[in-house]
Amino acid sequence: MDIRSEIVDQFTQVAQEQGIPLAPLTDDLALLDSGLDSLCFAIVVTRLEGLLEVDPFSSSEDVRFPVTFGEFVRFYDNAAN
Amino acid sequence: MQQTERTSLWNALSAAGDLSGRFVFGAESSIALSDLLKGSALYGRGEELCGRSVLVTTTNQFTTAWALIELDGVARRIVLCTPDMPLEHLPYVIESADVDAIVTDRTILDLDIRSPLCFCPCSRQIVDGNFDRSVQHQTEWILLTSGTTGQPKLVVHTLSSLAGAIKNSNTSAEGVVWSTFYDIRRYGGLQIFLRALLAGNSLVLSSVQESTADFLARASSLGVTHISGTPSQWRRALMSPSAHLIQPEYIRLSGEIADQAILNQLQTFYPQARIAHAFASTEAGVAFEVNDGLAGFPSSVIEHTPDVDMRVDDHCLSIRSNRTANRYLGTEPPILKNEDGFVNTADLIELRDDRYYFVGRRDGVINIGGLKVYPEEIEAVINRHPEVQMSLVRTKKNPITGSIVVADVVLTEHSSARRDLRALQGDILLLCREALSSHKVPAAINFIPVLAVAESGKIVRSKCVM
């Protein structure tokens, strides 16, 4: 499974688990408008670390948190490559 | 029932009746209880230790057992070293407990101590002869527990406080053979040592050099009928192919929260066994035991436990009885009892449907986005899943919430090979979501082959956030 598909999968699964309606995951979707709250993002990041064996947030002290879904995917893409 | 005063372990064992066929079994050798009364493990030098504060540090529990029988009622103090205490703490212990004699089977202790000490070797062989035991001391037993600063805490007991929950029995306990996964140099193991010895029953000791499977096989061959351990030790035992070898009549759990899953698993595995879980700690002593097969305890226990006063202070269980420790030793020792004589156990309890449940340790709480989470509460839910053997809930550093709950899970042997692990993660998370508020639901379930269990028999909980 590629990184984007894994991320989509985790967004969908966590939203479903938390009973939160998820907005369509387009590249320009602002993460704050996705429907997920901070606990959901925390869960997504933890699970992605387990699945992709990469934690882009720990790679640097001053990482800028991605704002849109597209940035989020690129963030993981860059860290993985 | 009125308890008669127990003057010493040696006297109690002498009065225990016919000791023929009763032994203390170690992993490599055994000794008849009657021989322990007739001879000396201290090369007949027990008299030199009269009235002294004696540190007992041995390489194995077998020799400790002999030394305890010989020293109680003779020494002013017995300071019992735990097997894993770093030797670097010995000078602190020696100073704090005013130690002036050491009983050991070690050849070298490498101590840098200025004060004169009487060294008394401890043998694996009993030599003939004893000494006049008419001079009796009410020996203080000093147990060591791990302190938060690294230095051990020295907890003062007497034989009376240690054995306060053990009923004097005039009836024959024919056929009873005790054993424990615990080391007898810790409070939980010492309780079983005293239960066996005060009634003149045989005792099978565990050994760190022995695997769980080998220990269970040995316990089986020696006909163990009564056996105790922590829930973690029992979970590990049930994973062993030798678990079916023993057929205990009585199983006792203590030292950690006994959740419903482990109680059910034990009852299913050993249908003939009476299963009890006891609430006890080194400081608070044995408070009560629960025999109804259910986790937690009925709320009536708080007010209706004979000889033990209990109250709930800010959700923590506090205990006052003649089984609690007396005080701590050491420079500026912490307060053990409050002004009313109660020991605060720091164990948090919660009342649900007229039953109290242990939810965790006050100092074990983890903070998730400002909300409190007790790992044991979550583990109890995860452990309910039929394919889970044991679990450990911990925090993990997280860039969004600071930290988050994750669970390390060991599966039962038969399940890990055949299951779709992703589906199983989903199952366990579903169970958690049904039973827990959302901040307590683990963000991730990691399947791991084994969880570390410390020498204390308790699951190893890392203090640091990973």
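From a predicted model like this one, the values you see are computed outputs, not experimental measurements. Numbers restart at 1 for each chain; the letters A, B, ... are given by sequence-line order, proteins then strands.
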The side-chain contact (heavy atoms from CB on, under 4.5 Å) partners of B/Val208 (sequence neighbours excluded) come to B/Glu455

Value for NZ (B/Lys396) from CD (A/Glu49), rounded to nearest 0.5 Å, stands at 3.5 Å

Could you check whether any side-chain heavy atom of A/Arg47 comes within less than 4.5 Å of a side-chain heavy atom of B/Ile445, counting everything from C-beta outward?
no

Honestly, the part of A/Leu51 sitting under 4.5 Å from a heavy atom of chain B is side chain

Okay, A/Gln10 and chain B: the region with an atom under 4.5 Å from a heavy atom over there is side chain

Tightest non-hydrogen contact, residues B/Asn398 and A/Ala42, listed as ND2-O, 3.0 Å

For B/Ile404 and A/Ile43 the tightest heavy-atom approach is CD1-N, 3.8 Å

Among residues 435-443 of chain B, residues within the sub-4.5 Å heavy-atom range of chain A, in order of number, are B/Ser438, B/His439, B/Pro442, B/Ala443

Against chain B, residues from residues 30-39 of chain A with at least one heavy atom under 4.5 Å, in numeric order, are A/Ser38, A/Leu39

Residue pairs passing the ring-ring contact (aromatic ring centres under 6.0 Å, His included) test with at least one member in residues 33-56 of chain A, sequence neighbours excluded, are A/Phe11-A/Phe41

Bottom line for B/Val406: the part with an atom under 4.5 Å from chain A's heavy atoms is side chain

Next on the checklist: Using the rule given for side-chain contact (heavy atoms from CB on, under 4.5 Å), can you reason through A/Asp55 versus B/Lys397, listing the C-alpha separation, both sets of side-chain angles and the distance that settles it, and then say yes or no?
Outcome noted: CA-CA 11 Å; A/Asp55 175 17; B/Lys397 218 166 138 182; over 6 Å; no

